[in-house]
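Below: the structure, in structure tokens.
In each ligand, atom 1 is the first atom listed, and ligand 1 is the first ligand listed. Computed from a predicted model, the values in this text were never measured in an experiment.
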Amino acid sequence: MSSPNAESTAFRSALEVIRAVEPRVADAIGAELVDQRESLKLIASENYASPATLLAMGNWFSDKYAEGTVGRRFYAGCQNVDTVEALAAEHAKELFGAAHAYVQPHSGIDANLVAFWAILADRVESPALKRAQARHVNDLTEQDWFALRRELGNQRMLGMSLDAGGHLTHGFRPNISGKMFDQRSYGTDPATGLVDYDKVAEAAREFKPLILVAGYSAYPRKVNFRIMREIADSVGATFMVDMAHFAGLVAGKVFTGDFDPVPHAHIVTTTTHKSLRGPRGGMVLCGPELADQVDRGCPMVLGGPLPHVMAAKAVALAEARRPDFADYASRIVDNAQALAEGLLRRGAKLVTGGTDNHLVLIDVSGYGLTGRQAEAALLDSGIVTNRNAVPQDPNGAWYTSGIRIGTPALTTRGLGTAEMDATAELIHTVLTQTTPGSNADGTPSKAKYNLDPALADKVGHQATELLAAFPLYPSVSLA
Ligand SMILES: *Cc1c(COP(=O)(O)O)cnc(C)c1O
């Protein structure tokens, strides 16, 4: 460990240098630290990266172009970028037990695009694609391009439905994946809220997808990837797992055996900044069969790699290989379960009745509220969450009926199960004291709400008190 003094000095000096050019940026960075320190962050997709990870991003690696892959660059002078990219990939392979790791994607969405392209190129029998890859682009005729689009087009993808917790990039229209692929989705069992593998198998048999996608951003349970792989194999589909949300639980060996996607999937994508606690970025893991196509990610679908972020990925992945990361990962789940139990005991309605990962989905229709009203009332009270659809949501994807909460960030701060119970009390208090508002013409509103500002203030103070014993970035003082 570096000395706490070094961390304070590093950030203070950085701000001093920035302040000399544009003081408003330095002020905003300082204000962000204050805000993050003071708010009870329950956003399931956020975390707090280590000072070493953050500092690895603020340097001259940002100045380098490094298209290509380690040792095969389109630019000269990439030897140091090679070092950090190779290190990040090596740590990722060791950590996840993967044959190949591609650490260039700038985000989770980009990682998925790389994977989709790799699967298309690998799987679709396309003479036009073979021609296109064998020749220089300038040598292809218009007919070649028409043939390529025709041969690659209209492929099928089967993924989890949005309201069951799936992600936009798994074939939904607002994302390019929904325009590239003919998509069908599988939901969850209405009675239990769990994935119904028989239904997934049935959908796969009928639809015969090229790609079966598993992974989610709002499903509070484990997924059995062994069964999903069997389903994929039974219809000849490529099995892709997007572990963006739960990569930290895989890294920390909380999800093992049937619940570890890496040994079961043909290809795994992830973000690096959610439960994995690294810099904002993405990554693809795969076996040797898809490695060559995955490595074409840049410039096929990605802009130039971000060497400073790859350096930070190497740092964060090194951290995730330490024994204390496994302890962190198991505490994330203990905390989510304590939060779920605390809410249930007080009468909240939870999708699936609990959790076995890092997130909890509260069905706030039990409080007579929409997700939008609940989210805003909680925010007024210093509790940062986000609204989220619940299965078969009557309020749709904008207003929703759910609040998604997650524990990776608070667990990083050091809060434990006792604090989770106290957090459940704060959430329950706000939601029971909030009532739906109405529009000017007297009709019920899905957005407006009534909450006594004195109560919001009181809860806000209680939240701050709860956090006071667990300072965020305790080694960093900007004063
Ligand atoms: C967050 C998330 C993404 C997108 O990640 P970005 O880094 O925001 O692009 C993709 N897939 C899943 C399942 C996610 O939860």
Side-chain angles (χ1 to χ4, degrees), residues 41-47 49 53 57 102-117 119 157-178 180-181 183 185-186 188 195 211-223 225 228 239-251 255 261-262 265 267-285 297-298 301-303 305-306 309-310 312-313 316 332 336 355 357-361 385-389 397 402 404-409:
K41 182 152 94 173
L42 284 161
I43 306 245
S45 52
E46 290 191 7
N47 211 328
T53 297
M57 282 186 278
Y102 182 66
V103 298
Q104 291 186 11
H106 310 162
S107 77
I109 288 186
D110 295 15
N112 285 349
L113 273 178
V114 170
F116 296 151
W117 172 256
I119 296 168
M157 172 180 293
L158 179 62
M160 194 176 211
S161 69
L162 274 186
D163 70 355
H167 195 260
L168 275 182
T169 55
H170 302 174
F172 295 93
R173 291 284 158 88
N175 178 257
I176 186 75
S177 58
M180 284 165 70
F181 291 94
Q183 200 263 16
S185 44
Y186 55 87
T188 46
V195 173
I211 309 177
L212 174 63
V213 187
Y216 51 77
S217 18
Y219 179 67
R221 296 291 176 177
K222 292 184 195 172
V223 172
F225 299 117
M228 293 296 276
F239 181 39
M240 166 172 158
V241 177
D242 177 352
M243 64 171 183
H245 254 260
F246 54 89
L249 304 183
V250 179
F255 285 1
V262 180
I267 189 162
V268 176
T269 59
T270 186
T271 60
T272 47
H273 50 274
K274 298 184 182 176
S275 56
L276 192 53
R277 208 164 62 181
R280 185 155 294 280
M283 191 162 71
V284 181
L285 306 172
C298 169
V301 290
L302 297 176
L306 310 174
V309 180
M310 294 197 289
K313 285 173 183 169
I332 290 177
T355 179
N357 58 20
H358 63 296
L359 70 88
V360 175
L361 196 55
T385 66
N386 64 277
R387 64 184 189 277
N388 206 102
R404 184 185 71 164
I405 52 184
T407 52

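- The side chain to side chain contact (heavy atoms under 4.5 Å, CB included) check on L168 picks up L162, F172, P174, N175, with sequence neighbours excluded.
- Checked against the 6.0 Å centroid criterion, the rings of F255 and F225 do not qualify as a close aromatic pair.
- If you look at S107 next to ligand 1, the close heavy atoms, those under 4.0 Å, come from the backbone and the side chain alike.
- How far OG1 of T385 is from CZ of R404: 9.5 Å, rounded to the nearest 0.5 Å.
- Minimum interatomic distance between V241 and P261 (heavy atoms only, all atoms of both residues): CG1-CB, 3.5 Å.
- Atom 10 (C) of ligand 1 has H167 CE1, 3.3 Å as its closest protein atom, hydrogens excluded (heavy atom only).
- Every atom of ligand 1 with a heavy atom of H245 under 4.0 Å away is listed here by number and element: 15 (O).
- Rounded to the nearest 0.5 angstrom, D242 CG and T269 OG1 are separated by 3.5 Å.
- By the 3.5 Å distance cut-off applied to N or O atoms, I109 is counted among the residues near ligand 1.
- Judged by the shortest distance from any of its heavy atoms, H273 lies inside the 4.0 Å radius around the atoms of ligand 1.
- Protein heavy atom closest to atom 1 (C) of ligand 1, with residue, atom name and distance, is K274 NZ, 1.4 Å.
- Under the salt bridge (charged side-chain N to carboxylate O under 4.0 Å, His left out) criterion, K41 pairs with E46, not counting sequence neighbours.
- Every atom of ligand 1 with a heavy atom of T271 under 4.0 Å away is listed here by number and element: 5 (O), 7 (O).
- Of all protein heavy atoms, the one lying nearest to atom 13 (C) of ligand 1 is D242 OD2, 3.2 Å.
- In this structure, the protein non-hydrogen atom closest to atom 7 (O) of ligand 1 is G108 N, 2.8 Å.
- Closest heavy-atom contact between H170 and Q183: O-NE2, 3.0 Å.
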